[in-house]
Amino acid sequence: MNISEIEKKWQKKWQEDKLYSFDKNNLDKKYYLLEMFSYPSGSNLHLGHWFNYSLSDSFGRFKRMQGYNLFHPVGFDAFGLPAENYALKTGIHPKTSTEKNIAIMERQLKNMGTTYDWDYEIATCKENYYKWTQWLFLKLYEKGLAYQKFAPVNWCTHCNTVLANEQVVQGFCERCKHEVVKKNMTQWFFKITDYAEELLANLDKLDWPEKTKIAQKNWIGKSEGAEVDFYTENNEKITIFTSRIDTIFGVSYIVLAPEHELTLKITTKERLPLVQEYIYQASKKDEITRQSTTEEKTGVFTGAYAINPATNKKVPIYIADYVLSTYATGAVMGVPAHDERDYAFAKKYNLDILQVIDSQGSAIPFCEYGKLVNSNEFDGLDSKCAKSKIIEKLQAQGFARRKINYKLRDWSVSRQRYWGCPIPIIYCEHCGVVPVPYENLPIILPEDVDFTPDGTSPLAKHNGYLTTTCPHCHKPAKRDVDTLDTFVCSSWYYLRYPNAKNFDVAFDKEFTNKVLPVDKYVGGMEHATGHLLYSRFITKFLRDIGYLNFDEPFKSLVHQGLILGTDGQKMSKSRGNTINLDNFIELFGSDCLRLYLAFGFNYLEGGPWNENGIKSISKFLERVERLILKYDYKSKRTVFENTSAENELEYVLNNTIKECTDNMESFAFNSAVARIMELVNAIYKYELQENKNLYLIEECNKVVLKLLSPFTPHFCEELWQNIGENYSIHNQQYPTYDKTKLVKSQIEIVAQVNSKIITRLNINPNLTAEQVKEIALAQDKIKNAIANKQIVKAIYIPNSLINLIIK
RNA sequence: GCCGAAGUGGUGGAAUGGCAGACGCGUCGGACUCAAAAUCCGAUGUUGGCAACAACGUGCGGGUUCAAGUCCCGCCUUCGGCACCA
């Protein structure tokens, strides 16, 4: 078989016939399969792409054969920094290089032999896409969920742009690994925090990996507690947040964040210089050292005191940079006996340590729940009960209320870069912030822009873009010169696919509500707290404004594993451990690589690349080809009486179908292929019979081809044609199994005495436990093992074993 | 520090609490061949034994169970994620 020839031949034919077209008029049994779209980088598809896309494609083919109307679109996340950086280096415009790269990837994805329906292709940098990203921005603005704020933002010193919290990795830029600092700027934010509770609560409904749900849960960071007002001697109100109000009788000090609005106001005159110096030092500290848990806790006394409303005792007020101004109220109560940080702080500054939870002899700080002590009328209550009682009392006095806080921050979306979606906002001296009217969309990203990074937005330097007229008063006005975070583009792309060619709306409500949600979403774990969270937020928002009738975009999610270099390290150009696939594909073909990737790795785990097996897959395919082409499928066969050999083959046949179906469903592709190999082996074995049922062999062979066709689509299509079957194998029904063939008349089970294997028995599986026990007891080996001991118990597990317990 | 995942032959990897190592690779043996390759058949966890067989065996130490790779407790190692969140 000339591999490259037949692969090209069938790809062409499939495309001409639109074999994999989505039938948009038949949505009752649709299946929306989606891989996270990728950034069009310049080089060829790498191993990771192949692993991800080819196997997900096999899954899609499996679903098609099960009778689903498969919607399997593809597109490109085409805005972003790499193209811009590449342009700075080479002088090639981002648009040019991106378009070229998309063309390269399109060609290669087609060469892979995928089921993509190219009629629904999208690229986020195309006007017809980003027009609707701008529409989404305006909708969010209209509903008050896109807002501007002068606030400290994460600034990457290397990329010269703002980053979202989700893009900062341990104080460094996720993309370029350079330092990220805080900078005060006016920026656009999306109010994802409005959805914190639903984003958290709905996680339970999702068929997602548990670890991903936990990652989102931790990221949202819900904390239930109470706000308590402490008043200073000058009657300034300091509101603190605590999740441990049961320890309020143990408060020995209050701490404010250095940036807290009251710090300077309450500080006494003589302490002012010290406090100011501390605030200055804290502001200079970069985010990394400030966020380090190992950093020693520092602080400074303000000279002021506050009254603990529970005890009426005076406690000193400190400021310390371990308290974050961005979380809750930016003020906390210090309970050294029951909190690690407070304990360290109290030790250092010689503050009281009052135990108010019985530690049962454990050392202080004791941070668990327990029974209250030294807490007046609450003594003896357990923490949980005391919490509500204390809140109730303080609430009645007007000092406290229940409060829930989240770690989740609003999503900052302004970027001071060129290659992104322009923000459809105009600033008018008379009218203020004016959204671009919907009918004026898209705001086109101009091409003749100097985007050398200098800390300002490149679009600010483009006069034709910057200056415009106000849509209200028609006086001269200026455009917002930032572009949107590319995660905005990708937060709704799954809605656009079914509507890729729709020029009138972002998405047609009725149609989209039928095609969505995505039934199976495949992509990397690295998006757990970024893209996957943003997309859920946007879906919920669009639902709330009446555009969608579902709550969650991705019903079921799978993370593919990572293929590592042969050294077990993550593949990267700098490590020099990347794999060039061109040779393999040329030598063995795309089918062979696809099958090898399916068989050689656990899809959900990945692992180090190892090319040893690829040749064996090629041999396996040749073995299949020899087997298939040995028979004349059109000649008449006579009736054949089954002997045990036929029964055995039929058993393997049906068992293979059953196991294969289950394995495909759970992305256990390696096991699915193993089962197919077993069937092939069984057919070869059966062939050695003198008297054989050719019809049965031919039926088995056809099943082999069908089961294998999701993995090696060209190869199977070719053989399907060669044996005279009708085009196309990919439109065949996935094989189903006959339960009755899985019932054996004799099975081998294990006979144990005291859980130790003594012998094996061939029995009829329908026998009762008592009958099996008798058979076991008749065996000499069993008799010897039992000797003259007493049988106290017999455990019979049908199809598996009998275990006799003796004493 | 916290959260999560993983640790199984020479090797990639399988195992709803029920015969560990499916299926491959590799290795060894046989058939075919003048020979080699390819192909087909078979063996292959370790140790001891000619063998039947026996003992041991899923990172380490305990436990639950008739039965543990799988469940529980305590560690070690590796890889991810989060990191002063009151």
Side-chain angles (χ1 to χ4, degrees), chain A residues 169-171 209-215 217-219 221-223 225-226 240-245 247 255 257 290-297 320-324 326-335 339-342 344-345 405-409 525-526 528-529 559 561-562 564 568-570 596 599-602 604-605 607-617 619-620 622-623 626 659 662-663 668 670-678 680-681 684-685 687-688 748-757 760 792-806:
Chain A
V169 178
Q170 302 188 3
E210 214 49 42
K211 59 178 173 180
T212 314
K213 294 198 212 177
I214 290 170
K217 197 174 157 188
N218 293 341
W219 188 264
K222 181 177 183 172
S223 170
I240 61 98
F241 174 72
T242 178
S243 59
R244 289 299 302 274
I245 199 167
T247 63
V255 194
R290 183 131 176 223
Q291 295 221 326
S292 159
T293 40
T294 50
E295 183 87 338
E296 199 183 342
K297 312 276 170 283
D321 65 6
Y322 79 81
V323 176
L324 307 174
T326 47
Y327 181 72
T329 61
V332 303
M333 63 185 204
V335 186
D339 183 278
E340 304 248 3
R341 285 165 316 203
D342 297 351
F345 194 79
N405 273 311
Y406 300 90
K407 281 196 257 186
L408 185 68
R409 292 289 113 82
M525 173 71 193
E526 68 272 18
T529 55
H559 296 304
L562 204 60
L564 307 169
Q569 299 289 307
K570 213 168 170 172
Y596 176 58
F599 182 64
F601 305 83
N602 176 318
L604 306 177
E605 284 167 17
W609 170 252
N610 172 339
E611 62 193 62
N612 292 342
I614 195 155
K615 209 171 159 200
S616 70
I617 290 294
K619 281 188 191 173
F620 170 70
E622 285 166 15
R623 182 171 154 89
R626 280 194 300 276
E659 296 290 318
D662 293 349
N663 288 330
N670 52 353
S671 293
V673 176
R675 295 293 86 78
I676 300 170
M677 287 174 168
E678 274 172 357
V680 171
N681 290 344
Y684 265 93
K685 192 175 166 193
E687 276 191 319
L688 298 175
E748 188 185 75
I749 67 160
V750 163
Q752 301 176 326
V753 172
N754 276 359
S755 307
K756 208 169 124 79
I757 298 168
R760 284 152 213 280
V792 291
K793 203 172 167 188
I795 295 149
Y796 176 55
I797 308 293
N799 297 316
S800 181
L801 55 80
I802 180 152
N803 188 4
L804 303 170
I805 310 304
I806 61 171

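Fair warning: this is a prediction, and the values are worked out from it, not measured in the lab. Convention: sequence-line order gives letters A, B, ...; per-chain numbering from 1.
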Closest heavy-atom pair and its distance - [X], [Y]:
| X | Y | value |
| --- | --- | --- |
| Ile749(A) | Asn799(A) | CG2-C, 4.0 Å |
| Met333(A) | Ile245(A) | CE-CA, 4.4 Å |
| Phe241(A) | Thr329(A) | N-OG1, 3.5 Å |

In whole Å, what separates the [atom1] atom of [N] from that of [M]?
| N | M | atom1 | result |
| --- | --- | --- | --- |
| C79(B) | G29(B) | C1' | 41 Å |
| U78(B) | U64(B) | P | 32 Å |
| G48(B) | A31(B) | C1' | 33 Å |
| A5(B) | U70(B) | P | 15 Å |
| U44(B) | A22(B) | C1' | 15 Å |
| A68(B) | C2(B) | C1' | 29 Å |
| G26(B) | G10(B) | C1' | 8 Å |

Could you check whether [X] gets within reach of a base, just the sugar-phosphate, or nothing at all, counting any heavy atom under 4.0 Å?
| X | answer |
| --- | --- |
| Lys211(A) | sugar-phosphate |
| Gly600(A) | sugar-phosphate |
| Lys756(A) | sugar-phosphate |

Using whole Å, report how far [atom1] of [X] lies from [atom2] of [N].
| X | N | atom1 | atom2 | result |
| --- | --- | --- | --- | --- |
| Glu340(A) | G1(B) | CD | P | 12 Å |
| Leu564(A) | G13(B) | CG | C1' | 15 Å |
| Ile797(A) | U16(B) | CD1 | C1' | 13 Å |
| Trp609(A) | G13(B) | CH2 | C1' | 15 Å |
| Lys685(A) | U39(B) | NZ | C1' | 19 Å |
| Asn803(A) | A68(B) | CG | P | 10 Å |
| Tyr684(A) | G42(B) | OH | C1' | 17 Å |
| Asp321(A) | A86(B) | CG | C1' | 15 Å |

Looking at [atom1] of [X] and [atom2] of [Y], how far apart are the two atoms once the value is rounded to the nearest 0.5 Å?
| X | Y | atom1 | atom2 | answer |
| --- | --- | --- | --- | --- |
| Ile676(A) | Asn663(A) | CD1 | CG | 9.5 Å |
| Lys793(A) | Ile805(A) | NZ | CD1 | 7.0 Å |
| Leu801(A) | Arg760(A) | CG | CZ | 11.0 Å |

Checklist entry - Taking atom types as they are modelled, is there a donor-acceptor pair under 3.5 Å from the base of C84(B) to the side chain of Lys297(A)? => result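 Answer yes: a donor N or O sits under 3.5 Å from an acceptor.
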Can you check whether [X] has a side-chain N or O nearer than 4.0 Å to OP1 or OP2 of [N]?
| X | N | result |
| --- | --- | --- |
| Lys615(A) | A38(B) | no |
| Tyr327(A) | A86(B) | yes |
| Asn218(A) | C2(B) | no |

Tell me which nucleotide among [options] gets nearest to the side chain of [X].
| X | options | answer |
| --- | --- | --- |
| Trp219(A) | C82(B), C40(B), A86(B) | C82(B) |
| Leu688(A) | C84(B), G4(B), C41(B) | C41(B) |
| Ile805(A) | C40(B), A14(B), C66(B) | C66(B) |

Item to check | 5′-ward residue of the pair Thr326(A)/Asn610(A) relative to RNA chain B | outcome: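 Its nucleotide being nearer the 5' end, the pick is Asn610(A).
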Next on the checklist: Which is more 5' along RNA chain B, the nucleotide nearest Ser755(A) or the one nearest Pro608(A)? Just name the residue.
Outcome noted: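 Residue closer to the 5' terminus by nearest nucleotide: Pro608(A).
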Item to check | Side chains of Leu804(A) and Gln752(A) in contact at under 4.5 Å (non-hydrogen atoms) | outcome: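 With C-beta onward as the side chain, the pair stays apart.
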Checklist entry - Which ranges of RNA chain B pair up as stems, where a stem means three or more consecutive Watson-Crick or G-U pairs with both distances under 3.5 Å? => result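 Paired runs of 3+ in RNA chain B: B:1-7 with B:76-82, B:10-12 with B:23-25, B:26-31 with B:39-44, B:45-48 with B:53-56, B:59-63 with B:71-75.
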Next on the checklist: Could you go through Asn405(A) and Ser223(A), starting from their C-alpha distance and side-chain angles, then the distance that decides it, and tell me whether this counts as side-chain hydrogen bond (donor to acceptor under 3.5 Å, both in side chains)?
Outcome noted: CA-CA 5 Å; Asn405(A) 273 311; Ser223(A) 170; over 6 Å; no
Checklist outcome for this item: Glycosidic torsion of G26(B) (syn if within 90° of 0, anti otherwise) classifies it as anti
Next on the checklist: Below 30° counts as parallel, above 60° as perpendicular, anything between as tilted: where do the rings of Phe601(A) and Trp609(A) land?
Outcome noted: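 Parallel: the ring planes of Phe601(A) and Trp609(A) meet at under 30°.
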Checklist entry - Does the pair Lys619(A)/Glu622(A) count as a salt bridge with the N-to-O cut at 4.0 Å? => result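 No.
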Checklist entry - Nucleotide by nucleotide, 5' to 3', does protein get under 4.0 Å of the base (B), only the sugar-phosphate (S), or neither (-) in nucleotides 19-31 of chain B, counting heavy atoms? => result B--BBSS------
Checklist entry - Does Phe345(A) have any ring pair (Phe, Tyr, Trp, His ring centres under 6.0 Å) partners at least two apart in sequence or in another chain, and if so, which? => result Tyr253(A), Tyr318(A), Tyr322(A), Tyr349(A)
Checklist entry - Quick one: does Asn754(A)'s side chain have a donor or acceptor within less than 3.5 Å of a partner on Lys756(A)'s backbone? => result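 Here the side-chain-to-backbone pair does not exist.
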